[in-house]
Colleague: 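I have a structure here, written as structure tokens, and I will follow up with some questions on it.
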Number of protein chains: 2
Amino acid sequence: MTKPKSWTLKSIAAELGVSNATVSNAFNRPDQLSKARREAILKACEQRGYFGPNKAAQSLRKGTSNIVALVLADSVEYMVSDPVASSFMRGVSSVLEANNINLLLFSGNNDHLNNVVDFVDGFICYGRPRNQGLVEQLKTITKQVVTVDFDIGRNTSVNIDNEQASYDIAMHALRSPQDHVAILGLRLLDEERLCRVQAQPNFDTSQSIAHQRLRGYQRALEAQGITLADDQIWNVPESSERYAPRLAKEVLDSVPRPEVLLCMSDLIALAALREAAARGIHVPEQLRIVGFDGIDEGQRCVPTLSTIHQNSEEKGRLAANLFVQKERQKALIAYQVQLGESS
Amino acid sequence: MTKPKSWTLKSIAAELGVSNATVSNAFNRPDQLSKARREAILKACEQRGYFGPNKAAQSLRKGTSNIVALVLADSVEYMVSDPVASSFMRGVSSVLEANNINLLLFSGNNDHLNNVVDFVDGFICYGRPRNQGLVEQLKTITKQVVTVDFDIGRNTSVNIDNEQASYDIAMHALRSPQDHVAILGLRLLDEERLCRVQAQPNFDTSQSIAHQRLRGYQRALEAQGITLADDQIWNVPESSERYAPRLAKEVLDSVPRPEVLLCMSDLIALAALREAAARGIHVPEQLRIVGFDGIDEGQRCVPTLSTIHQNSEEKGRLAANLFVQKERQKALIAYQVQLGESS
DNA sequence: CTGTTAGCGCATTCAT
DNA sequence: ATGAATGCGCTAACAG
């Protein structure tokens, strides 16, 4: 039996009677030594169970690790069950895996990038992190950063035109100036609860996709000559089972009952669809509903959902490719209006 | 304006006119210096934008990183969309996040642990990695390893009794010795395709959960005096949209058409449910179907699915807790027989 | 083509 | 309570 030994570059070099630089070169710079020598060394290493330079040391020395952090908007726990985020992660991971880059999942609830920044080559950020402190750090960090669905003044990002998309889909749902409309917003406020929102002039309109979408809806309302009731902008902090069904109930309880629901996510729209079915409200005859995202389930349900399809997987691939290629550009990618039976 | 400087422990120590050991202690070992001194140092660091020791260097020096690799059975791309795997990841990440440990996602298709082993404190492995080479490495690696849904002869693992669970649920679906039965297997073979499986005596029965489940089904068949047709054990490599619907079609095309489908995953069972509906086959009158896993969708569909509920999130939490606590035990956790309308 | 040297940034003795 | 020295494992210059 071979005694289990923990080899290092140095101990291997000593064992083989060559300098450590030569062993290092055998692994990292094939051109720096003869082919025969190189192969002999690699073979000897394999026999002894030395599988190459310690990556942690290599990382300290070279400053790169082949690891990228995927910074999520929310906790890993939440994001991993969100169909839109999952699609995005699929896209990212397919590109990274093809490039032999490893993926570190990083919660948007963390206080600091500190615990990981020295381990990774950079950051792909999906959605504005819930913890605003992270955003500030991302702005100034010296490593590569690609932001998706938000911007931080750096020049590599991937977005869609949320305002125009929202305008487009809303225009398909609105019919007459007398329509009673409700807007079911997602993260319009930082509040951790379901609530109504007063449209304030000082809404920070540039930042979040929620406000971009709100602007799109509002433009469509104007275009149709519709006045939105004061109390018909709603907010939930996430599209979860926890909030979406309750939101649907409250909105459908409001008087006069809205005839059109503009929903900032498909999951919210689906919850509304289910609540309507439970109450025997006919969609789209008595209630028109539009969503946002284009998740699969929206096309499997009855009636099918009218929505904006944003190809999240493609977004992920693009973000990862920008990262890998070190390209610096603000990419704006296309969306599709997907008309279903719900409007 | 402050000039952007990249501080190190050493440069900070020089700036403050103390030794680097003192700065190090200020961050890592509060008991090694006076409270006043410590606070003065920390404050000075914060003012200058030094947020603590470089983690990569720290990791090299201490040998720990606060990162754990989650080794998946398949590609990240696939696992992230699988509802069972997602639940598991939720459980794992909730515990890790609470313990301030970061999560590295690692594909089961990778050839080596090498690229990450030096960066992480250990491995949580969810399902036997598709690449068998990884399994061999996991067996001998010196870092901590927790395996879930498989075993590698190490003494920390989390499993359920797949054989007994399969027996239990099959017993609920089987009615008479004349029942025509089909088994819809998942990863019974390493083949990357949909195919029939000949029950071979030399099946590697101990290893995979697929074979444990098969044994459970077979025991139930015996108990009911049912003979399974030679050609009614099927296999697919994954529970995806790509394979499950095709499997359902082929099975329902086979003659004589089975009256009972024992499915090794809920996604497969759901595909069968849909295909049956499309053909106007009544469930459970003309066709009984049971699944395995207990995903949410199985309780939302019509008819609801009879299945084995394994709380995957709980599995994840347990695995992560075993990891964090460094406990060494082979845990066997409970499952629930969940009777729905499909059997 | 090969070997020697000097750090990467830090934590830990062991002195004082 | 604090400081000087050593090395974690490796790679990039440079010298030969």
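Naming: A, B, ... by sequence-line order, numbering from 1 per chain.
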Colleague: At under 4.0 Å, does any side-chain N or O of A/Q32 touch on OP1 or OP2 of C/dT2?
Modeller: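 No.
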Colleague: Answer yes or no: does a side-chain N or O of A/Y50 lie under 4.0 Å from OP1 or OP2 of D/dG9?
Modeller: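 No, outside the criterion.
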Colleague: NA contact type, A/L9, heavy-atom cut-off 4.0 Å: base, sugar-phosphate, or nothing?
Modeller: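 Touches a base.
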Colleague: Within this structure, what is the NZ-to-P distance between A/K55 and D/dC10, rounded to whole angstrom?
Modeller: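 Spelled out: NZ on A/K55 to P on D/dC10 is 10 Å.
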Colleague: In whole angstrom, what separates A/W7's CH2 from D/dC10's P?
Modeller: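 My rounded result for the distance is 12 Å.
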Colleague: Looking only at side-chain N and O atoms, does A/T22 come under 4.0 Å of OP1 or OP2 in C/dG3?
Modeller: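 Yes, A/T22 has a side-chain N/O under 4.0 Å of OP1/OP2 on C/dG3.
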Colleague: Round to the nearest Å and state the distance from B/R61 atom CZ to D/dG9 atom C1'.
Modeller: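 Taking CZ of B/R61 and C1' of D/dG9, I get 12 Å after rounding.
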Colleague: Between the side chains of B/Q325 and B/E327, is a donor N or O closer than 3.5 angstrom to an acceptor N or O?
Modeller: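 Not at all, the side chains of B/Q325 and B/E327 share no donor-acceptor pair under 3.5 Å.
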Colleague: Ignoring backbone atoms, establish whether A/S24 has a side-chain N or O less than 4.0 Å from OP1 or OP2 of D/dT11.
Modeller: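 Yes, within the criterion.
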Colleague: Working note: A/D111 + A/N131, criterion side chain to side chain donor-acceptor pair (under 3.5 Å); need CA distance, chi angles, decisive distance, verdict.
Modeller: CA-CA 7 Å; A/D111 289 327; A/N131 186 325; 3.0 Å; yes
Colleague: Which nucleotide, C/dG9, D/dT2, D/dC10, lies nearest any side-chain atom of B/R37?
Modeller: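 The answer is D/dT2, which lies nearest to the side chain.
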Colleague: Just say parallel, tilted or perpendicular for the rings of B/F88 and B/Y126, cut-offs at 30° and 60°.
Modeller: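 If you compare the ring of B/F88 with that of B/Y126, the planes turn out parallel.
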Colleague: Reckon A/N28 has a side-chain N or O less than 4.0 Å from the OP1 or OP2 of D/dT11?
Modeller: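 The answer is yes; a side-chain N or O of A/N28 sits under 4.0 Å from OP1 or OP2.
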Colleague: When the nearest nucleotide of DNA chain D is assigned to B/N25 and to B/A57 on a heavy-atom basis, which residue is associated with the more 5' position?
Modeller: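 Nearest nucleotide further toward 5': that of B/N25.
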Colleague: Can you tell me if A/Q310 uses its side chain to pair, donor with acceptor, with the backbone of A/I160 under 3.5 Å?
Modeller: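 No: the side chain of A/Q310 does not pair with the backbone of A/I160.
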Colleague: To the nearest angstrom, how far is B/F119 atom CZ from D/dC8 atom C1'?
Modeller: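 Checked: the CZ to C1' distance equals 14 Å.
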Colleague: Given C/dG3, D/dG3, D/dT2, identify the nucleotide with an atom nearest to the side chain of B/A21.
Modeller: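 For B/A21, the side-chain atoms sit closest to D/dG3.
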Colleague: Measure from CG on A/N114 to P on C/dC10 and round the result to the nearest Å.
Modeller: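 One finds 12 Å between P of C/dC10 and CG of A/N114, rounded.
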Colleague: A/D121 and A/T64: side-chain donor and acceptor closer than 3.5 Å?
Modeller: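 No donor-acceptor contact under 3.5 Å links the two side chains.
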Colleague: In this structure, how many angstroms lie between the P atom of C/dG9 and the CG atom of B/L60, rounded?
Modeller: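 Result: 12 Å.
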Colleague: Take the protein atom CG of B/D31 and the nucleotide atom C1' of D/dA1, then report the distance between them rounded to whole Å.
Modeller: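 About 11 Å, once rounded to whole Å.
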Colleague: Reckon A/T8 has a side-chain N or O less than 4.0 Å from the OP1 or OP2 of D/dG9?
Modeller: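 No, because none of the side-chain N or O atoms of A/T8 sits under 4.0 Å from OP1 or OP2 of D/dG9.
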Colleague: Could you tell me the separation between the CZ atom of B/R29 and the C1' atom of C/dT12, rounded to a whole number of Å?
Modeller: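 In whole Å, C/dT12 C1' and B/R29 CZ are 7 Å from each other.
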Colleague: Under 4.0 Å between a side-chain N/O of B/Q58 and OP1 or OP2 of C/dA11, yes or no?
Modeller: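 Result: yes.
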